[in-house]
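Quick notes on the structure that follows.
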Amino acid sequence: MPASPFLSFFQGGFECSTHRRRDGRRLDLLASTGHDDAAAADYRALAGHGIRTVRDGFRWHRIETAPGRYDWSSVLPMLRAARETGTQVIWDLCHYGWPDHLDIWDPGFVFAFARFARAAARLVAAETDAPPLWCPVNEISFWAWAGGEVARFNPLARGRGAELKRQLVRAHIAAVEQVRLVDPRARIIQVDPAIHVVGRPGRSGDRREAECYRLAQFEAMDMVTGRMCPELGGAPECLDIVGVNYYADNQWYIGGRTIEPGAADYRPFREILAEFHARYGRPLLVAETGAEGDARAPWLHYVADEVAAAIGGGVPVQGLCLYPVLDYPGWDNDRHCPVGLLGNRDAGGERPVHAPLAEALARLQPRFAMAGDTVRRATAA
């Protein structure tokens, strides 16, 4: 199995979405969870649970205040908190949001994002000597559907999902090139949902449509590798670490309900991971997974069992990220979403720990300790 670049197998992801909703309101989840002001304390809290690698984000709309002009004040404290606490960060550069002066449909968007990626890479290189980890464009496939097909959030388009997907792939590829020019050691994680879709029971005519929908989950990565739409500039070396996001509702009947774990049509997660590895031959990261309320600990046990089975079958899964690792306000209605290992800060600035999830994590960590040993040996070499 290839050496892992991650300091810890279990990781924590900070929700950093910055998109605009249908009503025009821009979300900023790093601010609304208070993580931007409490990064050092949050990193230390996770370290206390054995989590030394996290996902976090640059908020592009707050940084590029005018074309080509960057204000790093929103991210420098987080960069320095990571350095001071010994936390390794996978930095998202574009988590659904972009500056208001840009038009995402314009070719200039790709140039602007590449320029921003280069500047961000230079900033990180100036702040730390550690090899950088980047997720240039988060969830290209989901964003193309939500923003380009059903107008759930920006750019609020319908019927333009394929066009948006190609534009986001162009931006991703351009960013990969720029961060590698700044630091060839950079590791790139391309993150997208892993899904399974089947025809409704008793409806044989659904099968073809369901399989086409299922296979669409690979389109963005196929474009990045150049096996699909090579005119976008993709190549095999553009794909480094495959990040898959997986939740309990990631399997469904086409045009119908969710397939619940344990149902006859439910596909074991280990098989989904194996398919991604067989298709791309790259190491994998479970870049997001989690559940709400009392389901948190049981879901982690299920995913960890499946990951262990995949690893036992030769699939190089190098990490598992609890996401979001903090409770957060819901995108659409600001409701409290109890999903995290850590909750909202109290009056004293402390975050309560969800004990069942913490206990599950502690029980599972020894099982995956070899992943940490692998990266330590690689670093020592």
Side-chain angles (χ1 to χ4, degrees), residues 1-13 50-55 86-92 121 124 128-136 138 172-173 175-177 179-180 182-192 194 217-218 220-222 224-227 234-246 268-289 303-323 364-381:
M1 185 172 292
S4 170
F6 303 123
L7 291 181
S8 64
F9 185 87
F10 286 97
Q11 304 171 13
I51 294 174
R52 304 301 302 275
T53 301
V54 303
R55 286 188 65 192
T87 302
Q88 181 189 52
V89 183
I90 303 165
W91 290 107
D92 283 21
V124 168
T128 177
D129 293 328
L133 301 166
W134 298 104
C135 171
N138 180 65
H172 176 95
I173 292 169
V176 169
E177 178 181 359
V179 300
R180 283 176 171 168
V182 173
D183 190 339
R185 301 175 303 165
R187 299 301 303 271
I188 309 297
I189 297 91
Q190 183 174 345
V191 174
D192 249 323
Q217 71 183 304
F218 301 117
M221 290 186 190
D222 284 355
V224 167
T225 60
R227 68 168 69 185
E237 59 270 20
C238 291
L239 187 65
D240 183 4
I241 297 170
V242 171
V244 296
N245 295 349
Y246 190 70
F269 185 41
R270 68 187 75 182
E271 295 182 7
I272 295 174
L273 292 168
E275 183 176 15
F276 270 88
H277 182 245
R279 190 177 186 95
Y280 299 112
R282 305 299 302 154
L284 272 63
L285 167 68
V286 180
E288 292 184 19
T289 196
V303 173
D305 285 347
E306 291 297 300
V307 167
I311 292 172
V315 179
V317 184
Q318 297 184 327
L320 190 162
C321 184
L322 304 179
Y323 198 99
L364 288 165
Q365 281 170 327
R367 188 175 181 186
F368 296 92
M370 287 184 61
D373 294 340
T374 299
V375 71
R376 282 191 287 273
R377 288 196 299 272
T379 302

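Here, residue 1 is the first one in the sequence, and each next residue gets the next number. Here the structure is a predicted model, which means the values were calculated and not measured.
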Inset, instruction - Report yes or no: do T53 and Q88 form a side-chain donor-acceptor pair below 3.5 Å? - result: yes
Inset, instruction - Answer yes or no: is there a side-chain heavy-atom contact under 4.5 Å between I188 and V179? - result: yes
Are the side chain of [X] and the backbone N or O of [Y] linked by a donor-acceptor pair below 3.5 Å?
X	Y	answer
E288	Y323	no
R55	W91	no
T128	V124	no
S8	R52	yes

Inset, instruction - Report the residue from V191, L133, N245, I90 that forms a side chain to side chain contact (heavy atoms under 4.5 Å, CB included) with L285. - result: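 Exactly one pass, corresponding to I90.
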Legend entry - Of I173, V176, D92, the residue whose pairing with P136 passes side chain to side chain contact (heavy atoms under 4.5 Å, CB included): V176
Legend entry - Those residues that, when tested against R282, pass side-chain hydrogen bond (donor to acceptor under 3.5 Å, both in side chains) (two or more places apart): D240
Inset, instruction - Carefully, step by step, assess D129 and R185 under the rule salt bridge (Lys or Arg N to Asp or Glu O under 4.0 Å). - result: CA-CA 11 Å; D129 293 328; R185 301 175 303 165; over 6 Å; no
Inset, instruction - Check the pair E275, F218 against side-chain contact (heavy atoms from CB on, under 4.5 Å), reporting the backbone distance first and the verdict last. - result: CA-CA 10 Å; E275 183 176 15; F218 301 117; 3.7 Å; yes
Inset, instruction - Using the side-chain contact (heavy atoms from CB on, under 4.5 Å) rule, take Q190 and V242 through it: C-alpha gap first, then chi angles, then the decisive distance, then the call. - result: CA-CA 5 Å; Q190 183 174 345; V242 171; over 6 Å; no
Legend entry - Interatomic distance, C321 atom SG to I51 atom CD1 [nearest 0.5 angstrom]: 8.0 Å
Inset, instruction - Specify the closest pair of heavy atoms between F269 and V307, including all atoms of both residues, with the distance to one decimal. - result: CE2-CG2, 4.2 Å
Inset, instruction - May I ask you to decide whether D222 forms a salt bridge with R279, counting only side-chain N to carboxylate O separations under 4.0 Å? - result: yes
Inset, instruction - Could you go through the side-chain contact (heavy atoms from CB on, under 4.5 Å) check for I272 and E306 one step at a time? - result: CA-CA 10 Å; I272 295 174; E306 291 297 300; over 6 Å; no
Inset, instruction - Please report the C-alpha distance between F276 and D192 in whole Å, then the side-chain angles of each, then the deciding distance to 0.1 Å, and finally whether the side-chain contact (heavy atoms from CB on, under 4.5 Å) criterion is met. - result: CA-CA 11 Å; F276 270 88; D192 249 323; over 6 Å; no
